[in-house]
Amino acid sequence: MSNITLFNSAKVPAFVANAELSETTLALAGGPSSGPGVKRVSIKGGVFRLVAGGKEIANIEDRHLDVIVVKAAPKVSRIFYAGKYDKDAPGAAPDCWSNDGDTPDKSIKDPQASTCTKCPQNIAGSGNGNSRACRYQQRLAVVLANNPEGDVLQVTLPATSIFGKGEGDKLPLQAYARWAATQTPPVNLDMVVTRMKFDTTAESPKLVFAPQRWLTPDEYETVKDKATGVEAQRAVLMTPAAADGVSKPAPLLIEGKRPDAEEEEAPKPKKKAAAPAVSEDEEPEVRKAAPKADAVPAKKGKLADIVADWDDE
């Protein structure tokens, strides 16, 4: 039996009984909705890694990580690197990015296009295989389930972890949030412990999500306070490079390599003809025909032994 079934929304704590959907749950379900860096959890190479100041502090052998979602970026963002992926290249800022998925960030001096829909990097084939060079990301602010009073951590998810249907207790993020939103009463993601687990059948790092338990009333109050703090705001607004304190893009070398990313590029599977509306279960479609491009395409251990030390690093 799946955790989705075991998670009984009828047996709810008092603070859940009259709940309405929060901005975080609405954002992740697809609904409306510059200072020091932040610590973050990277999924590079299919391993959970704690990164602080651009340096890996620890990595975890476990294939899952239990967290509480404190806050989510209101929209799925986009990010573009001009060079090809290289897992060994040093960290660098992206060449172009968009926090709202519609227009390049105002801080970019030389954006790839005026809008994301018109961008040559948003065309099928501009990236590896039939994929796009500019990729979708969703940023979350989370705390560890066994230490909700600890640091707020950024988690940046690739498109494969955001979109899709999934099944049972293996749901991509938006499907998981929609499941939570349709319960009676609605289950906000800041009311439960969420398990992030690697999909071992995927070619590139991909996470699936499932609920584990209700928060205690004290945990819930802590999480509500965290959601209004500066750490959570930075976690959902900063690119991973900004979170690491990196401000300059990597120079375009002869090898054309780009720095660290949360997923290695993989050929995108073919899909049905493009539709004008975005499906709830699929990644938004790319444009098929392109105009002439105007831009350049530690230590290991068990989870319990590592996470207790994270705040002290």
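What's counted below: heavy atoms across the whole structure, side chains too, no hydrogens, waters or symmetry copies.
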Student: Is there a donor-acceptor contact under 3.5 Å from the side chain of Gln138 to the main chain of Ala73?
Tutor: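 Answer holds: yes.
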Student: Check this for me, if you would: do Arg195 and Asp169 make a salt bridge, where the nitrogen-to-carboxylate-oxygen distance has to be below 4.0 angstrom?
Tutor: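 No.
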Student: How long is the span from the NZ atom in Lys197 to the CG atom in Asp62, to the nearest 0.5 Å?
Tutor: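 Answer for the NZ-CG pair, Lys197 versus Asp62, is 12.5 Å.
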Student: Say you draw a straight line from CD1 of Ile68 to CE of Met191; how long is it, rounded to the nearest 0.5 Å?
Tutor: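 Reported to 0.5 Å precision, the distance equals 12.5 Å.
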Student: With the side chain counted from C-beta on, respond yes when Trp214 and Val187 share a heavy-atom pair under 4.5 Å apart, and no when they do not.
Tutor: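 The answer is yes; the side chains approach within 4.5 Å.
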Student: Taking the side chain from Asp95 and the backbone from Ala82, do they hold a donor-acceptor pair closer than 3.5 Å?
Tutor: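 Checked: pair present.
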Student: From Cys134 SG over to Ile123 CD1, what is the distance, rounded to the nearest 0.5 angstrom?
Tutor: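 That separation rounds to 11.5 Å.
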Student: Measure the acute angle between the ring planes of Phe48 and Phe198, then classify it against the limits of 30° and 60° as parallel, tilted or perpendicular.
Tutor: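 Answer is tilted, since the angle falls between 30° and 60°.
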Student: Grab the two heavy atoms, one from Ala113 and one from Pro104, that are nearest each other, plus how far apart they are.
Tutor: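 Looks like O-CG, 3.2 Å.
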Student: Under the 3.5 angstrom rule, does the side chain of Gln154 hit a backbone N or O of Ala235 as a donor-acceptor pair?
Tutor: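 Flag set: sc Gln154 to bb Ala235 pair under 3.5 Å.
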Student: Keeping Ser161 on the side-chain end and Leu157 on the backbone end, is there a donor-acceptor pair under 3.5 Å?
Tutor: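 No, Ser161 side chain to Leu157 backbone: no donor-acceptor pair under 3.5 Å.
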Student: Hey, does the side chain of Lys71 reach the backbone of Gln233 with a donor-acceptor pair shorter than 3.5 angstrom?
Tutor: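 No.
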Student: Could you tell me which non-hydrogen atom of Ala181 sits nearest to which non-hydrogen atom of Pro186, and how far apart they are?
Tutor: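 Nearest pair, atom of Ala181 first, then Pro186: O-CB, 3.9 Å.
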Student: List the steps and the verdict of side-chain contact (heavy atoms from CB on, under 4.5 Å) for Thr194 and Val142.
Tutor: CA-CA 10 Å; Thr194 293; Val142 307; over 6 Å; no
Student: Just by modelled atom types, is the Lys44 backbone N or O under 3.5 Å from a matching donor or acceptor in the Arg49 side chain?
Tutor: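 Flag set: sc Arg49 to bb Lys44 pair under 3.5 Å.
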Student: Report the distance from atom SG of Cys119 to atom CZ of Phe80, rounding to the nearest 0.5 Å.
Tutor: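 Between atom SG of Cys119 and atom CZ of Phe80 there are 7.0 Å.
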Student: I would like to know whether Ile57 and Val51 meet side-chain contact (heavy atoms from CB on, under 4.5 Å); could you show each step before the answer?
Tutor: CA-CA 6 Å; Ile57 295 174; Val51 178; over 6 Å; no
Student: For residues Leu207 and Ile43, determine if any side-chain heavy atom of one lies less than 4.5 Å from a side-chain heavy atom of the other.
Tutor: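 Sidechains of Ile43 and Leu207: in contact.
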Student: For Ser107, is there any backbone N or O sitting under 3.5 Å from a side-chain donor or acceptor partner on Asp105?
Tutor: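 Yes: the side chain of Asp105 pairs with the backbone of Ser107.
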Student: Would you indicate whether the side-chain heavy atoms of Val67 and Val155 approach each other to under 4.5 Å?
Tutor: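 No, their side chains stay 4.5 Å or more apart.
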Student: Could you verify whether a donor N or O on one side chain and an acceptor N or O on the other, from Arg78 and Asn99, lie under 3.5 Å apart?
Tutor: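 Their side chains do not contain a donor-acceptor pair, so the 3.5 Å distance test is not met.
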Student: At their closest point, which heavy atom of Thr160 faces which heavy atom of Pro205, and how far apart are they?
Tutor: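 In this case the closest contact between Thr160 and Pro205 is OG1-O, 3.8 Å.
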Student: Looking at CZ of Arg135 and CD1 of Ile79, how far apart are the two atoms once the value is rounded to the nearest 0.5 Å?
Tutor: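 The CZ atom of Arg135 sits 7.0 Å away from the CD1 atom of Ile79.
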Student: Check whether any side-chain heavy atom of Pro211 lies under 4.5 Å from a side-chain heavy atom of Tyr176, and answer yes or no.
Tutor: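 Result yes, sub-4.5 Å side-chain heavy-atom pair found.
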Student: What is the minimum heavy-atom distance between Asp199 and Thr201, and which atoms define it?
Tutor: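 Looking at all heavy atoms of both residues, the closest pair is OD1-OG1, 2.6 Å.
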Student: Taking side-chain hydrogen bond (donor to acceptor under 3.5 Å, both in side chains) as the test, write out the residues that go with Glu219, two or more places apart.
Tutor: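 Arg213, Thr216.
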Student: Under a single-linkage rule joining Ile, Leu, Val, Met, Phe, Trp and Tyr whose side-chain heavy atoms are separated by less than 4.5 Å, which residues share a cluster with Leu237?
Tutor: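 Under the 4.5 Å side-chain rule, Leu237 groups with Val236.
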Student: Under the criterion salt bridge (charged side-chain N to carboxylate O under 4.0 Å, His left out), I'd like the reasoning laid out for Arg40 against Asp244: C-alpha separation, chi angles, the key distance, then a yes or no.
Tutor: CA-CA 8 Å; Arg40 64 187 183 92; Asp244 290 344; 2.8 Å; yes
Student: Where is the tightest heavy-atom contact between Leu140 and Ala72, given as atom of each residue plus distance?
Tutor: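 Distance-wise, the nearest heavy atoms are CD2-CB, 3.9 Å.
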Student: Determine whether Val208 and Val76 fall in the same hydrophobic cluster, where Ile, Leu, Val, Met, Phe, Trp and Tyr are linked whenever their side-chain heavy atoms lie under 4.5 Å apart.
Tutor: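 Hydrophobic grouping puts Val208 apart from Val76.
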Student: Tell me, do Gln137 and Pro158 make a side-chain contact under 4.5 Å, heavy atoms counted?
Tutor: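 When only atoms from C-beta onward are counted, Pro158 and Gln137 do not touch, as no gap falls below 4.5 Å.
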Student: With a 4.5 Å cut-off on side-chain heavy atoms, are Ile60 and Leu65 touching?
Tutor: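 The answer is yes, as the side chains (C-beta and beyond) meet within the 4.5 Å cut-off.
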Student: State the OG-CH2 distance between Ser77 and Trp97, to the nearest 0.5 angstrom.
Tutor: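 If I round to the nearest 0.5 Å, the distance is 11.5 Å.
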Student: Transitively linked via ILVMFWY side-chain contacts under 4.5 Å: Val192 with Trp179?
Tutor: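 Yes, Val192 and Trp179 fall within the same hydrophobic cluster.
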Student: Could Asp102 and Lys75 be called an ion pair, given the rule that one side-chain N must be under 4.0 Å from one carboxylate O?
Tutor: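 Yes, Asp102 and Lys75 are salt-bridged.
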Student: Donor-acceptor pair, Thr156 side chain versus Arg139 backbone, under 3.5 Å?
Tutor: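 Such a contact is absent between Thr156 side chain and Arg139 backbone.
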Student: Is it true that a side-chain atom of Lys165 and a backbone atom of Leu171 form a donor plus acceptor pair closer than 3.5 Å?
Tutor: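 No: the side chain of Lys165 does not pair with the backbone of Leu171.
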Student: Please give me the minimum heavy-atom distance between Ala227 and Ala232, naming the atom from each residue.
Tutor: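 Looking at all heavy atoms of both residues, the shortest contact is O-CB, 4.0 Å.
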Student: Taking side chain as C-beta onward, heavy atoms only, is Leu50 less than 4.5 Å from Leu153?
Tutor: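 Sidechains of Leu153 and Leu50: in contact.
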Student: Tell me, do Asp190 and Val69 make a side-chain contact under 4.5 Å, heavy atoms counted?
Tutor: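 When only atoms from C-beta onward are counted, Val69 and Asp190 do not touch, as no gap falls below 4.5 Å.
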Student: Is Glu221 paired with Lys224 through a side-chain N to carboxylate O contact shorter than 4.0 Å?
Tutor: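 Glu221 and Lys224: salt-bridged.
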Student: Begin from the C-alpha positions of Cys96 and Ile108 and carry the test side-chain contact (heavy atoms from CB on, under 4.5 Å) through to its verdict.
Tutor: CA-CA 7 Å; Cys96 191; Ile108 301 171; 3.7 Å; yes
